[in-house]
Amino acid sequence: MSQLVAKATEQLRQAVDQALALAVEKGDLPQAPAPAYVLEIPGDRAHGDWACNAAMAGARTYRMAPQKIAQAILQNLDLTSTYFEKAEMAGPGFLNFTYRGSFYGEVLQDIHHKGAAYGRSQMGQGKRVLVEFVSANPTGPMHIGNARGGVLGDALASVLETAGYTVEREFYINDAGNQVNKFGASLEARYLQIYQGEEAVPFPEDGYKGQDIIDHAQAFAKLYGDKYVAASQEERRAALVEYALPKNIQGLHDDLLRYRVEYDNWFKESSLHQNGAVEKVVQLLKEKGATYEKDGAVWFAGEPYGSEDFVLVRGNGVPTYVVPDIAYHYDKLVTRNFDLAIDVLGADHHGYVPRLKGALSALGVDASRLEVVLMQMVRLVRDGEIVKASKRSGKAITLVTLLEEVPVDAARFLFNSFEANTRIDFDLDLAVQEDSQNPVYYVQYAHARICSILKNLKADGIEPRDCTPQELALLTAPEELELIRYLAGYTSEVENSARTRDPAKITRYVMNLSTLFHKFYNACRVKGSDEALQAARLYLCTATRTVLENGLALFKVTAPESM
């Protein structure tokens, strides 16, 4: 939470603790240990800004009715030198506390003082976190699930950074194994068909049938001619993969950059095979006594580690797909020694996670250092109907074709509007609407409206200025106080978002903030009011603009000055 809110919370806790101690000392409460109680911001602020359940929590300890305990606390409560002006009892014994007017002015001053840094905290204590996301197969274009995973992983990394973690973003390139073998076989067939005809060269039944494979084969033929037709299958496929795979990887890089996703690391699976890391983890698991042999294969004995048994190395000596993944996560948590590794994966990986965690546990790694955010599927909707093809090309909608139809701001905002475990029906019509029904337009309009207020006042020679505490104390309208209270909670929202690994909380926050600003704008005239009140309201407007910008920046959505 912000330093100001944290300070207010600590003041309140000390005041309640002292009231309980004094009540016991005076005999208003019996001798007993103070109860553990909770301070929280109530959902309904009509009765106060903070609520305390000390009286309810103390009923058993003091053997008294909660209302009597609450009265004893109130009789001995001293709120002098705190940010709170009054306390009241509600219902069966809850205590409600209300901020002094000075608190609101200090919130605005804090926002103006910190600017772009408002919302940052040290909750993460600098712990190193590696967030791996998208990691799309480089044998083809990125699909709609990658569009969701891209903003989810990127926004989560931003939220963690803002909450005080040291974060790196990573893309894991699956450039080895069965998928690449299939990629090579598909390229080979298309290449040979150029010279020998389609009838003479059957296409692999499980091959990749996309136009990109044909394009790569034709470009390769243009560059090398029929040089590789007479080569061995191994040499031909290796040459084709060596030519096409880097182009696909560069394409992934370029498409993600267009989507405003940039990585610190592009980690190749092939490096784990080349440096012996894959063989090493199998050997380590054997040394730990976590394997057994059956039918010529090496199995992981998973039961002691909360996993089912599974094959590590097939009878032909080839590791299964999970072994490089174990080696990769061992590299993250042991070799590179990140405090925490977070994977953003599709929900179809649900059964894979216990295997990975089980193997890490067997290797002596604390499996809680690996967290997996499982992301549900996305369906595209147009005119209320599920769509699978691009309106323009008639082909399956990929990340690239999506961005041809939908602005990046809208895509990133809407994909980040849902928790990861929620299925999304992405409304293509809504994403391009330019009205308040479109959530991203609604939030951006709030920012543009503030900029418009500033521009109009500047035309009349009125500029924002610093305000005195006395001037800020003029902000007493319910809409003003509600807006300032919400601004005060931004840092806590960022921390909660980081703690729960749910960046969608920030999307909801900026939407609610926009609603409160529009409510304030409609109720409180900025221009033409008393000069001191006008300055204070302008100060509130600029503080709101700052927090909107900070929130939108977390998921790389622009904050336009006009719309």
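Along the sequence shown, the residues carry numbers beginning at 1.
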Quick one: does [X]'s side chain get under 4.5 Å of [Y]'s, heavy atoms only?
| X | Y | result |
| --- | --- | --- |
| Ser436 | Tyr445 | no |
| Leu152 | Phe555 | no |
| Leu487 | Leu516 | no |
| Arg237 | Glu242 | no |
| Glu168 | Val129 | no |
| Leu483 | Leu540 | yes |
| Lys332 | Tyr328 | yes |
| Arg379 | Ile424 | no |

Using modelled atom types and a 3.5 Å cut-off, is there a donor and acceptor pairing between side-chain atoms of [X] and backbone atoms of [Y]?
| X | Y | value |
| --- | --- | --- |
| Asp339 | Lys127 | no |
| Lys527 | Leu457 | no |
| Arg501 | Leu156 | no |
| Arg128 | Leu340 | no |
| Thr139 | Val180 | no |
| Tyr490 | Val547 | no |
| Gln444 | Thr558 | yes |
| Ser135 | Tyr172 | yes |
| Asn456 | Ser452 | yes |
| Asp383 | Glu385 | no |

Taking atom [atom1] of [X] as the centre, does the number of heavy atoms from other residues, nucleotides or ligands within less than 6.0 Å exceed 12?
| X | atom1 | value |
| --- | --- | --- |
| Arg499 | CZ | yes |
| Arg258 | CZ | yes |
| Gln211 | CD | yes |
| Glu40 | CD | yes |
| Gln250 | CD | yes |
| Lys505 | NZ | yes |

Can you tell which of His447, Lys455, Arg449 makes a side chain to side chain contact (heavy atoms under 4.5 Å, CB included) with Cys451?
-> His447
Please determine which of Tyr442, Tyr486, Phe520 meets the side chain to side chain contact (heavy atoms under 4.5 Å, CB included) test together with Thr515.
-> Tyr442
Tell me whether [X] is salt-bridged to [Y], with the criterion being a basic N under 4.0 Å from an acidic carboxylate O.
| X | Y | result |
| --- | --- | --- |
| Glu405 | Arg382 | yes |
| Asp49 | Arg485 | yes |
| Arg190 | Asp212 | no |

Between the CZ atom in Arg508 and the CG atom in Asn416, the distance rounded to the nearest 0.5 Å is 9.0 Å
Rounded to the nearest 0.5 angstrom, the CG-CD1 distance for Leu475 and Ile484 is 5.0 Å
Please report the closest heavy-atom contact between [X] and [Y], naming both atoms and the distance.
| X | Y | result |
| --- | --- | --- |
| Tyr259 | Ala147 | OH-O, 2.7 Å |
| Leu454 | Pro464 | CD2-CG, 3.7 Å |
| Pro42 | Ala51 | CD-N, 4.0 Å |
| Thr491 | Arg120 | CG2-O, 4.0 Å |

Could you please spell out the steps behind the side-chain hydrogen bond (donor to acceptor under 3.5 Å, both in side chains) verdict for Ser497 and Asp502?
-> CA-CA 5 Å; Ser497 178; Asp502 178 22; 6.0 Å; no
Side chain to side chain donor-acceptor pair (under 3.5 Å) test vs Arg169 passes for just one of Asn265, Asp154, Asp264, namely Asp154
Please confirm whether Phe267 and Phe171 have ring centers closer than 6.0 angstrom.
-> no
What do you reckon, are the aromatic ring centroids of Phe133 and Tyr263 less than 6.0 Å apart?
-> yes
Under 3.5 Å side-chain donor-acceptor pair for His112 and Thr546 | no
Would you check, one step at a time, whether the test side-chain contact (heavy atoms from CB on, under 4.5 Å) holds for Thr398 with His143?
-> CA-CA 4 Å; Thr398 63; His143 53 70; 6.0 Å; no
With a cut-off of under 6.0 Å to the ring centre and 45° to the axis, is Lys209 in cation-pi contact with Phe203?
-> no
Cation over ring, Arg369 on Phe338, under 6.0 Å and within 45°?
-> no
Evaluate the salt bridge (Lys or Arg N to Asp or Glu O under 4.0 Å) criterion for residues Arg336 and Asp331: first the C-alpha distance (whole Å), next the side-chain angles of each, then the deciding distance (0.1 Å), finally the verdict.
-> CA-CA 6 Å; Arg336 287 186 280 168; Asp331 180 89; 2.7 Å; yes
Look at the rings of His253 and Trp266 and say which category their plane angle falls in: under 30° parallel, 30 to 60° tilted, over 60° perpendicular.
-> tilted
Could you give me the CA-CA distance, side-chain angles and deciding distance for Asp409 and Lys556, then say whether salt bridge (Lys or Arg N to Asp or Glu O under 4.0 Å) is met?
-> CA-CA 8 Å; Asp409 279 344; Lys556 296 176 185 170; over 6 Å; no
Under the side-chain hydrogen bond (donor to acceptor under 3.5 Å, both in side chains) rule, what do His349 and Asp343 come out as? Steps first, then yes or no, please.
-> CA-CA 11 Å; His349 287 74; Asp343 295 355; over 6 Å; no
Asn438 and Gln433: CA distance, side-chain angles, deciding distance, side-chain hydrogen bond (donor to acceptor under 3.5 Å, both in side chains) verdict | CA-CA 6 Å; Asn438 183 348; Gln433 262 178 239; over 6 Å; no
Before giving the answer on side-chain contact (heavy atoms from CB on, under 4.5 Å), spell out for Thr401 and Leu403 the whole-Å C-alpha distance, their side-chain angles and the decisive distance to 0.1 Å.
-> CA-CA 5 Å; Thr401 54; Leu403 296 181; over 6 Å; no
Starting from the C-alpha separation in whole Å, work towards a yes-or-no answer on side-chain hydrogen bond (donor to acceptor under 3.5 Å, both in side chains) for Gln179 and Tyr208.
-> CA-CA 10 Å; Gln179 298 299 322; Tyr208 294 119; 2.3 Å; yes
Evaluation steps, side-chain contact (heavy atoms from CB on, under 4.5 Å), between Val201 and Tyr191 = CA-CA 10 Å; Val201 184; Tyr191 172 66; over 6 Å; no
Are Ile342 and Glu132 close enough, and set up right, to give a side-chain contact (heavy atoms from CB on, under 4.5 Å), and what steps lead you there?
-> CA-CA 6 Å; Ile342 299 177; Glu132 183 219 328; over 6 Å; no
